[in-house]
Enquirer: 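Before I ask anything, let me first share the structure, which is written out below as structure tokens.
Atom set for the values below is all heavy atoms of this structure, side chains included, hydrogens, waters and symmetry mates excluded. Here the structure is a predicted model, which is why all the values come from computation and not from measurement.
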Amino acid sequence: MSPSASEILRILRFRRMARWCAAVTATLGAVMVVVWVLSAPLMPGSMPWPMKANTAFALVVCGAALLLDTEGLRQRRIRRGMAGLVAVLSGLTLVEYATGVNLWVDTWLALDHASSDPGRMRPQTALAFVILAVSLFTLDCKKGVASCICDCALIAFALLLNAVTSGLFDQAEALVIAGNHTRVSPQTILGLTVLWVGLLLTRADAGLFRILGADGRGSQLIRYLLPPAICVPMLFACLQLWATVRGTPLSPLASSALAMTQQLLRIGAILGLGYLLNHSEVERRHEQARREEAERLVAMCAWTKRVRWHGEWVPIDRFLAERFGIEMTHGISEEALSAELDALELTAKSDNRQIA
């Protein structure tokens with residue numbers, strides 16, 4: 001089924017937003033790369049939990065890959081090549097964690113001394129980039145197995161990102177720290193979140209996430225509720241993180257108040273969903289009543305006996321079939337049969353006179 005005009009306009013708007021997300025991600029990564037290269041010795045003390053240089057480089061590559069216009073075969077190949085580069089970098093990092101062997105990929109750009117493995121991105125971050133590389137590699141596939149792989153990769157990335165975010169902001173250290181190493185930085189989580197939103201908007205016309213750009217009531221509800229569901233918890237988490245960075249962590253009472261506020265927001269979202277559903281149902285019923293009222297009056301041509309239906313004049317049997325589902329058959333009434341027999345008798349008498 002081809003998309004409607006409103007869906008096409010919405011998808012184009014989503015793609016423009018996706019390009020903005022890609023630009024923000026690439027800019028964030030580029031700034032961190034420059035800072036690392038120019039002032040690596042100062043980095044550990046300049047900000048809490050700094051982003052690793054390889055992580056910043058991977059963000060730049062992913063953002064640039066998403067910015068590419070992939071209408072041509074060459075651009076698609078470039079995007080897949082960039083996705084392969086990110087997959088190799090993050091995959092080798094996971095191999096280092098699994099085997100304990102130093103493959104010397106951690107110090108390509110800069111060397112820091114903030115952890116026992118200088119320059120090495122966290123395993124959670126490396127796994128996130130592997131999943132991102134898979135989604136970027138299959139992002140242009142609209143159907144088939146590759147499209148399913150892309151959708152599954154985006155879902156898996158969302159689950160991983162949610163776990164890491166919860167670990168950072170809810171003080172679940174095991175989710176953001178591997179062993180005695182430094183934790184996943186908030187800057188990394190921010191960049192990955194923006195990049196995931198860009199990928200999601202790019203997939204609004206294909207696969208499972210086509211529901212984002214559709215015209216249905218459910219799609220409309222998702223577009224209303226998904227942005228606050230992503231942004232509001234992040235806002236509260238940033239407040240909590242800001243207080244921790246300033247050396248004044250929130251008291252148990254303040255943390256409980258934040259948790260209660262988030263719970264109230266969830267309840268409000270559920271109530272808002274119910275209100276929107278009821279409002280949509282009322283609008284649907286009114287529209288159906290107006291349609292039935294309009295269809296109650298039927299125009300028939302006084303000469304051809306055809307009925308006006310959906311802007312054209314159709315035979316009565318077609319109108320009954322399409323409007324009421326009535327299947328027509330044909331017979332002959334007594335009056336018509338008598339008239340036909342009389343006509344045949346007159347015709348036979350006329351033929352006999354001509355023969356005589």
Side-chain angles (χ1 to χ4, degrees), residues 1-26 58-59 61-87 90-91 127-165 191-231 273 276 280:
M1 184 177 179
S2 59
S4 63
S6 59
E7 289 179 351
I8 293 174
L9 292 176
R10 191 177 299 117
I11 289 170
L12 292 176
R13 185 166 63 250
F14 283 168
R15 287 183 177 175
R16 287 194 295 269
M17 295 169 62
R19 293 177 70 86
W20 277 104
C21 291
V24 169
T25 304
L59 280 178
V61 176
C62 289
L66 189 56
L67 274 173
L68 286 176
D69 186 5
T70 56
E71 295 297 329
L73 179 61
R74 181 181 179 183
Q75 288 80 1
R76 287 198 294 270
R77 288 177 176 174
I78 293 175
R79 172 182 284 180
R80 291 176 179 177
M82 298 171 77
L85 175 61
V86 173
S90 53
L127 179 59
F129 277 118
V130 169
I131 299 174
L132 274 177
V134 172
S135 61
L136 278 171
F137 194 86
T138 56
L139 191 62
D140 302 314
C141 301
K142 304 300 183 182
K143 55 184 178 180
V145 177
S147 178
C148 294
I149 291 175
C150 185
D151 292 339
C152 292
L154 287 175
I155 294 173
F157 181 79
L159 295 175
L160 176 62
L161 187 62
N162 182 69
V164 175
T165 305
L192 292 176
T193 301
V194 175
L195 186 60
W196 177 77
V197 172
L199 291 169
L200 202 67
L201 294 174
T202 305
R203 290 285 294 177
D205 63 336
L208 178 65
F209 299 103
R210 186 181 299 173
I211 191 172
L212 294 174
D215 285 333
R217 303 291 187 184
S219 299
Q220 186 178 8
L221 294 176
I222 290 174
R223 289 193 293 272
Y224 281 147
L225 298 179
L226 189 59
I230 296 175
C231 297
L273 176 62
L276 291 174
S280 299

Enquirer: Does the R76 side chain pair with the main chain of D140, one donor and one acceptor, at a distance under 3.5 Å?
Expert: no

Enquirer: Side-chain contact, heavy-atom cut-off 4.5 Å: V86 with L136?
Expert: no

Enquirer: Would you check if the side chain of S135 reaches a backbone N or O of L132 as a donor-acceptor pair within less than 3.5 Å?
Expert: yes

Enquirer: Once salt bridge (charged side-chain N to carboxylate O under 4.0 Å, His left out) is applied, do any residues pair with R80, and if so which ones, sequence neighbours excluded?
Expert: none

Enquirer: Please report the shortest heavy-atom distance between A18 and G198, naming the atom on each side.
Expert: CB-O, 3.3 Å

Enquirer: Between F14 and A204, which heavy-atom pair has the shortest distance, and what is it?
Expert: CD1-CB, 3.5 Å

Enquirer: Roughly how far, to the nearest 0.5 Å, is the CG atom of L67 from the CZ atom of R79?
Expert: 9.0 Å

Enquirer: Indicate the atoms forming the closest heavy-atom contact of K142 with R210, along with that distance.
Expert: O-NH2, 4.5 Å

Enquirer: Is the shortest side-chain heavy-atom distance between T202 and F209 below 4.5 Å?
Expert: no

Enquirer: Among all residues two or more places apart in sequence or in another chain, which pass the side chain to side chain contact (heavy atoms under 4.5 Å, CB included) test with A87?
Expert: A133

Enquirer: Once salt bridge (charged side-chain N to carboxylate O under 4.0 Å, His left out) is applied, do any residues pair with R19, and if so which ones, sequence neighbours excluded?
Expert: none

Enquirer: Please name all residues satisfying side chain to side chain contact (heavy atoms under 4.5 Å, CB included) with L9, sequence neighbours left out, ordered by chain then number.
Expert: none

Enquirer: Within this structure, what is the CG-CZ distance for the pair L192 and F129, rounded to the nearest 0.5 Å?
Expert: 5.0 Å

Enquirer: Between A146 and C141, which heavy-atom pair has the shortest distance, and what is it?
Expert: CB-SG, 3.4 Å

Enquirer: To the nearest 0.5 angstrom, please state how far the CG atom of L161 sits from the OG1 atom of T193.
Expert: 4.0 Å

Enquirer: What is the distance from atom CD1 of I131 to atom CG of L127, rounded to the nearest 0.5 Å?
Expert: 4.5 Å

Enquirer: Sequence neighbours left out, what passes side chain to side chain donor-acceptor pair (under 3.5 Å) with R15? Give chain and number order.
Expert: D205

Enquirer: At their closest point, which heavy atom of C21 faces which heavy atom of V197, and how far apart are they?
Expert: SG-CG1, 4.0 Å

Enquirer: Roughly how far, to the nearest 0.5 Å, is CG of L199 from SG of C150?
Expert: 7.5 Å

Enquirer: Below 4.5 Å, heavy atoms only, C-beta onward: do R10 and R13 meet side chain to side chain?
Expert: yes

Enquirer: Please collect all salt bridge (Lys or Arg N to Asp or Glu O under 4.0 Å) contacts where either partner lies in residues 144-158, sequence neighbours excluded, each pair once.
Expert: D151-R203

Enquirer: Does T25 have any side chain to side chain contact (heavy atoms under 4.5 Å, CB included) partners at least two apart in sequence or in another chain, and if so, which?
Expert: L59, V194, L195

Enquirer: So, using side chain to side chain contact (heavy atoms under 4.5 Å, CB included) as the criterion, who are the partners of R77 when residues are at least two apart?
Expert: L73

